[in-house]
Novice: 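The structure follows.
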Amino acid sequence: MKRQSYANHIRYYAPHHFVYYPVLCALLGASIYYAVTGTQPLLWTFICLIWLFLFALAFMLRQHYALTLQNRIVRLELRYRYFTLTGERMELFEERLTDAQWFALRFAPDTELKALVDRALQENLSGDAIKKAIVDWKADNERV
């Protein structure tokens with residue numbers, strides 16, 4: 001597996017991104033074409049609405065369940081790592097961190113975590129700025 005870094009940390013799920021969504025888009029495109037040029041525009045418009053609904057539903061459900069659980073796990077992992085490294089509890093100041101900061105900090109190795117948390121709190125670094133500040137990227141290859 002290729003070493004993970006800022007440049008390549010985005011992950012795709014092939015069945016959704018490269019099969020389901022392209023097929024759904026093609027069917028939607030065909031339905032729009034027939035709605036405009038066909039003999040039964042009302043029927044094809046209705047079919048278009050069904051495709052749009054399925055597209056939105058699939059995207060929302062796939063993202064919602066997986067990301068909600070992943071967010072919780074990331075927070076728990078960071079709390080544990082921070083406590084293990086420093087003996088201090090993150091719960092004392094964690095509400096000052098944004099979601100983007102939490103999720104960026106997961107890529108920080110143990111040697112950089114404390115300093116990056118401190119910088120994030122003091123300088124209000126964005127998640128992207130935190131990711132760019134990481135010197136030795138800690139890969140997260142098991143995320144959804």
Side-chain angles (χ1 to χ4, degrees), residues 1-36 41-144:
M1 180 174 272
K2 188 175 179 181
R3 181 176 160 90
Q4 193 179 70
S5 67
Y6 176 77
N8 68 0
H9 76 285
I10 295 173
R11 187 170 177 183
Y12 295 100
Y13 182 58
H16 261 88
H17 292 105
F18 304 116
V19 178
Y20 180 75
Y21 290 133
V23 167
L24 198 57
C25 287
L27 291 172
L28 176 62
S31 297
I32 291 171
Y33 173 78
Y34 287 116
V36 172
L42 189 59
L43 173 67
W44 285 106
T45 301
F46 180 70
I47 292 172
C48 287
L49 293 174
I50 291 172
W51 293 131
L52 286 172
F53 175 75
L54 290 175
F55 184 84
L57 183 65
F59 183 77
M60 288 186 304
L61 288 176
R62 179 187 71 86
Q63 294 293 100
H64 175 71
Y65 294 131
L67 293 179
T68 299
L69 181 59
Q70 178 176 284
N71 294 350
R72 184 175 179 184
I73 291 168
V74 166
R75 289 177 188 277
L76 290 171
E77 176 193 354
L78 281 173
R79 286 179 189 143
Y80 175 76
R81 286 178 58 209
Y82 190 84
F83 181 76
T84 302
L85 294 169
T86 66
E88 302 170 15
R89 297 175 56 102
M90 278 187 91
E91 289 91 334
L92 301 175
F93 57 81
E94 69 183 21
E95 70 279 349
R96 293 174 38 208
L97 293 171
T98 66
D99 287 345
Q101 290 170 320
W102 273 97
F103 307 140
L105 286 167
R106 77 173 180 250
F107 296 111
D110 290 347
T111 55
E112 299 175 39
L113 182 62
K114 169 83 167 100
L116 281 171
V117 168
D118 292 342
R119 279 190 63 201
L121 290 170
Q122 292 168 359
E123 302 172 26
N124 196 27
L125 295 176
S126 69
D128 199 51
I130 292 170
K131 289 178 185 179
K132 289 178 180 177
I134 296 171
V135 176
D136 186 25
W137 192 272
K138 178 184 173 295
D140 183 6
N141 296 312
E142 296 178 3
R143 72 180 190 276
V144 176

Novice: Does Trp102 form a side-chain contact (heavy atoms from CB on, under 4.5 Å) with Arg79? I'd like the steps, not just the answer.
Specialist: CA-CA 10 Å; Trp102 273 97; Arg79 286 179 189 143; 4.2 Å; yes

Novice: Applying side-chain contact (heavy atoms from CB on, under 4.5 Å), run through Tyr34 and Ile47 and close with a yes or a no.
Specialist: CA-CA 10 Å; Tyr34 287 116; Ile47 292 172; over 6 Å; no

Novice: Are the side chains of Met90 and Leu97 in contact, using a 4.5 Å heavy-atom criterion?
Specialist: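 Sidechains of Met90 and Leu97: in contact.
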
Novice: Could you tell me whether the side chain of Leu78 reaches within less than 4.5 Å of the side chain of Arg75, counting heavy atoms only?
Specialist: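 No, their side chains stay 4.5 Å or more apart.
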
Novice: Check whether more than 12 heavy atoms from other residues, nucleotides or ligands sit under 6.0 Å from atom OH of Tyr21, and answer yes or no.
Specialist: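 Yes, OH of Tyr21 has more than 12 neighbouring heavy atoms, counting only those of other groups under 6.0 Å.
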
Novice: Nearest 0.5 angstrom please: Asp136 CG to Ser5 OG, how far?
Specialist: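 Interatomic distance, Asp136 CG to Ser5 OG, rounded to 0.5 Å: 11.5 Å.
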
Novice: Is there side-chain contact between Arg96 and Asn124, with at least one heavy-atom pair below 4.5 Å?
Specialist: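 They are not in contact (no side-chain heavy atoms under 4.5 Å apart), so the answer is no.
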
Novice: How long is the span from the CE atom in Met60 to the CZ atom in Phe55, to the nearest 0.5 Å?
Specialist: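 Reported value, rounded in 0.5 Å steps: 11.0 Å.
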
Novice: Does a sphere of radius 6.0 Å around OH in Tyr33 hold more than 12 heavy atoms from other residues, nucleotides or ligands, not counting ones at 6.0 Å or beyond?
Specialist: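 Counting other residues, nucleotides and ligands, OH of Tyr33 stays at 12 neighbours or fewer.
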
Novice: Does any non-hydrogen side-chain atom of Ile134 lie less than 4.5 Å from one of Tyr6?
Specialist: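 No; the side chains remain at least 4.5 Å from each other.
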
Novice: Return the CZ to CG distance between Arg106 and Asn71, rounded to the nearest 0.5 Å.
Specialist: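 Here the rounded value is 8.5 Å.
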
Novice: Spell out, as yes or no, whether a donor-acceptor pair under 3.5 Å connects the side chain of Glu88 to the backbone of Tyr82.
Specialist: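 No, because the side chain of Glu88 does not come within donor-acceptor range (under 3.5 Å) of the backbone of Tyr82.
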
Novice: Out of curiosity, Lys131 NZ to Phe103 CZ, how far, rounded to the nearest 0.5 Å?
Specialist: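 Output value for this atom pair is 10.5 Å.
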
Novice: Quick check for you: to the nearest 0.5 Å, what is the distance between Leu113 atom CG and Leu105 atom CG?
Specialist: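 Between atom CG of Leu113 and atom CG of Leu105 there are 6.0 Å.
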
Novice: Looking only at non-hydrogen atoms, find the nearest pair between Asp140 and Gln4 and report the distance.
Specialist: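 Closest pair (atom of Asp140, atom of Gln4, distance): N-OE1, 2.6 Å.
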
Novice: Roughly how far, to the nearest 0.5 Å, is the CD1 atom of Ile50 from the CG atom of Leu28?
Specialist: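 Answer rounded to 0.5 Å: 11.5 Å.
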
